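First up is the structure itself, then whatever we jot down about it.
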Amino acid sequence: MTIKLIATDVDGTFLNDQHQYEIDRFNEQLQELKHRKIHFAIASGNHYSHLQMIFGTKSPIVTFIAENGALTMDRGQVIAESRLAPTIIQQLLRQLKDNPNLQPESIHLSGQHASYMNAAEAATTTPEIKYFYNNLKLVPDISQVDDHIYKLNAIWNHTPLKPKADYLNAKFPGVIHATASGFGSIDIIAGGVNKGTGLQQLEDHLHLTAANIAAFGDNFNDLEMLNRAKYSYAMCNAVPEVQQQAAFVTRLDNNHFGVLDTIDQILKQN
């Protein structure tokens, strides 16, 4: 086992269900990883500023694959980014609003400067939305937002998400990539973009190969990243499809910090 990069999803994977992790334990691991010249990266569907909010004052993480691969950052510098074209955003918004098979409870745009939501949908803003969109701006009409948009996020309550994601991908073949990302939401990014492509961009930047990478995930939006990394770990709380495609399944779930447990094992074996 020769691992030079560890990449992990956040919610349902690295964090427990209360959005917490064992800070001191992880920081000790991070120091040992740095000593061994093993890179560590967060790979999430979340906005970069949200990830900074989670980790910025707690752990010295410098590498992020944000927005499900649409934005890759290292030491504060943009390594790669992919944006949704304005015309595609307009078409998606019309489809989500007018198609009776879709019509989500709320829609959010994740941009370079902020995240955006229609003010008329403010009543649907749950504590979870407030947590994930810490930079949320309420606007009169998100179709008029002027920003570089990395991702459109749509939320349905108590509805199977994969059929909706499959429908959107078929409706916009090759143009978008829609994927279920947990907490009742679907993330829509540019076609050909996913955590796997973000991981590949990071490989190129760090002069590594997939043979040197361990990755952790629990949901459909982690599949491409797990399929790329040689040492792919599905959380034992992951959806069955993810567990079936990963090389390994963690011994412990996210509520018992299975990622940290596995990092301990990697440090012993690497």
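Keep in mind the model is a prediction, meaning the values are calculated, not measured. Side-chain atoms are counted along with the backbone in the values below, which use heavy atoms only and exclude waters and symmetry mates. Along the sequence shown, residues carry numbers from 1.
- For the residue pair Asp261 and Gln265, a side-chain donor N or O sits within less than 3.5 Å of a side-chain acceptor on the partner.
- Side chain to side chain, Thr179 and Asp187 fail the donor-acceptor criterion of an N or O pair below 3.5 Å.
- Hydrophobic clustering (side-chain heavy atoms under 4.5 Å, transitive across Ile, Leu, Val, Met, Phe, Trp, Tyr) groups Leu93 together with Val139.
- Here Ser44 contributes atom OG and Asp11 contributes atom CG; the two are 6.0 Å apart, rounded to the nearest 0.5 Å.
- Within the 4.5 Å cutoff, no side-chain heavy atoms of Gln31 are placed close to those of Leu33.
- Grouping the Ile, Leu, Val, Met, Phe, Trp and Tyr side chains by contacts below 4.5 angstrom, directly or via other members, places Phe40 with Met73.
- Of the possible donor and acceptor atoms, none in the side chain of Trp156 sits under 3.5 Å from a partner among the backbone N and O of Lys164.
- Summarising the geometry of Ala214 relative to Ala229, their closest heavy-atom pair is C-CB, 4.4 Å, with the distance given to 0.1 Å.
- In terms of modelled atom types and a separation under 3.5 Å, the side chain of Lys151 and the main chain of Gly45 share a donor-acceptor contact.
- Taking CG of Asn194 as the start and CG of Asn68 as the end, the distance is 8.5 Å to the nearest 0.5 Å.
- Judged by distance alone, the side chain of Ser185 and the main-chain N or O of Ser181 form no donor-acceptor pair under 3.5 Å.
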May I have the step-by-step check of ring pair (Phe, Tyr, Trp, His ring centres under 6.0 Å) for Phe26 and Phe55, ending in yes or no?
-> CA-CA 11 Å; Phe26 172 63; Phe55 299 105; 7.3 Å; no
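- Between the side chains of Asn16 and Asn254, no donor-acceptor pair is found at a separation under 3.5 Å.
- Ring-centre distance between Tyr150 and His47: not below the 6.0 Å cut-off.
- A donor-acceptor contact shorter than 3.5 Å is absent between the side chain of Asn270 and the backbone of Ile266.
- Residues Ile38 and Ile263 are members of one and the same hydrophobic cluster, defined by side-chain heavy-atom contacts under 4.5 angstrom among Ile, Leu, Val, Met, Phe, Trp and Tyr.
- Among pairs with a residue in residues 61-102, those fulfilling ring-ring contact (aromatic ring centres under 6.0 Å, His included) read Tyr48-Phe64, at least two apart in sequence or across chains.
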Test log, rule side chain to side chain contact (heavy atoms under 4.5 Å, CB included), inputs Thr250 and Phe216 | CA-CA 9 Å; Thr250 61; Phe216 295 84; 4.1 Å; yes
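- Contact check for Leu202 versus Leu5: side-chain heavy atoms found under the 4.5 Å cut-off.
- For the pair Arg83 (side chain) and Asp147 (backbone), a donor-acceptor distance under 3.5 Å is absent.
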Stepwise side chain to side chain contact (heavy atoms under 4.5 Å, CB included) check, Glu203 with Ile213 = CA-CA 9 Å; Glu203 289 170 32; Ile213 297 174; 3.3 Å; yes
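- Inter-residue side-chain proximity for Leu267 and Arg36 is flagged as met; some heavy-atom pair is nearer than 4.5 Å.
- Judged purely by atom type and a 3.5 angstrom limit, Thr159 uses its side chain to pair as donor or acceptor with the backbone of Asn157.
- Here the side chain of Asp222 pairs a donor or acceptor atom with the backbone of Asn219 at under 3.5 angstrom.
- In this structure, CD1 in Ile88 is found 6.5 Å from CZ in Phe172, a value given to the nearest 0.5 Å.
- Residues Val242 and Leu226 are in side-chain contact: their nearest non-hydrogen atoms beyond the backbone lie under 4.5 Å apart.
- Nearest heavy atoms, Met225 versus Ala7: SD-CB, 4.2 Å.
- Ile89 and Ile186 fall within a single hydrophobic cluster, where Ile, Leu, Val, Met, Phe, Trp and Tyr side chains are chained together by heavy-atom contacts under 4.5 Å.
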Give the C-alpha distance, both sets of side-chain angles, the deciding distance and a yes or no for side chain to side chain contact (heavy atoms under 4.5 Å, CB included) between Gln95 and Tyr167.
-> CA-CA 11 Å; Gln95 185 72 210; Tyr167 177 87; 3.5 Å; yes
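- Taking all atoms of both residues into account, the shortest heavy-atom contact from Ser115 to Asn135 is OG-OD1, 3.0 Å.
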Pair up each side-chain donor or acceptor in residues 107-114 with any protein partner under 3.5 Å, not counting sequence neighbours, and list the distances.
{"residue": "His108", "atom": "ND1", "partner": "Asn153", "partner atom": "OD1", "Å": "3.1"}
{"residue": "Ser110", "atom": "OG", "partner": "Glu67", "partner atom": "OE1", "Å": "3.1"}
{"residue": "Ser110", "atom": "OG", "partner": "Glu67", "partner atom": "OE2", "Å": "2.5"}

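- When all heavy atoms are compared, the tightest approach of Asp253 to His256 is OD1-ND1, 2.8 Å.
- Within the 4.5 Å cutoff, the side chain of Ile54 has heavy atoms near those of the Tyr131 side chain.
- With rounding to the nearest 0.5 Å, the separation of CD in Gln90 from CD1 in Ile142 is 9.0 Å.
- Residue-environment remark: CD (Gln77) stays at or below the threshold of 12 foreign heavy atoms within 6.0 Å.
- Using a 4.0 Å cut-off between charged side-chain N and carboxylate O, Lys162 and Asp166 make a salt bridge.
- A 4.5 Å side-chain heavy-atom check between Thr63 and Ile42 finds every atom pair outside the cut-off.
- Hydrophobic clustering (side-chain heavy atoms under 4.5 Å, transitive across Ile, Leu, Val, Met, Phe, Trp, Tyr) groups Leu51 together with Leu71.
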Do Glu224 and Lys195 pass the side chain to side chain contact (heavy atoms under 4.5 Å, CB included) test, and can you show the C-alpha distance, the side-chain angles, and the key distance before you say yes or no?
-> CA-CA 6 Å; Glu224 292 87 358; Lys195 290 186 184 181; 5.7 Å; no
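- Remark: aromatic rings of His19 and Phe132 are close, center separation under 6.0 Å.
- Checked by atom type, the side-chain pair Thr2/Asn212 shows no donor-acceptor distance below 3.5 Å.
- Judged purely by atom type and a 3.5 angstrom limit, Thr72 has no side-chain atom pairing as donor or acceptor with the backbone of Ile79.
- In plain terms, the two heavy atoms of Gly192 and Thr197 that are nearest each other are O-CG2, 3.1 Å.
- Put simply, the side chain of Asn99 does not reach to within 4.5 Å of the side chain of Lys171, judged on heavy atoms.
- The shortest side-chain heavy-atom distance between Leu138 and Tyr116 does not fall under the 4.5 Å cut-off.
- By the 4.0 Å N-to-carboxylate-O rule, Lys34 lies too far from Glu32 to be salt-bridged with it.
- Among all heavy-atom pairs drawn from Ile188 and Ala178, the shortest one is CG1-CB, 4.0 Å.
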Residue pair Phe257, Tyr21: steps toward the ring pair (Phe, Tyr, Trp, His ring centres under 6.0 Å) verdict = CA-CA 7 Å; Phe257 306 108; Tyr21 66 102; 8.0 Å; no
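- To the nearest 0.5 Å, atoms CG (Asn101) and CG (Asp98) are separated by 12.5 Å.
- Within the 3.5 Å criterion, the main-chain N or O of Leu260 finds a donor-acceptor partner in the side chain of Gln29.
- Gln243 places no side-chain N or O within donor-acceptor distance of the main-chain N or O of Ala234, the cut-off being under 3.5 Å.
- Atom CE in Met117 sits 6.5 Å away from atom CG in Leu136 (nearest 0.5 Å).
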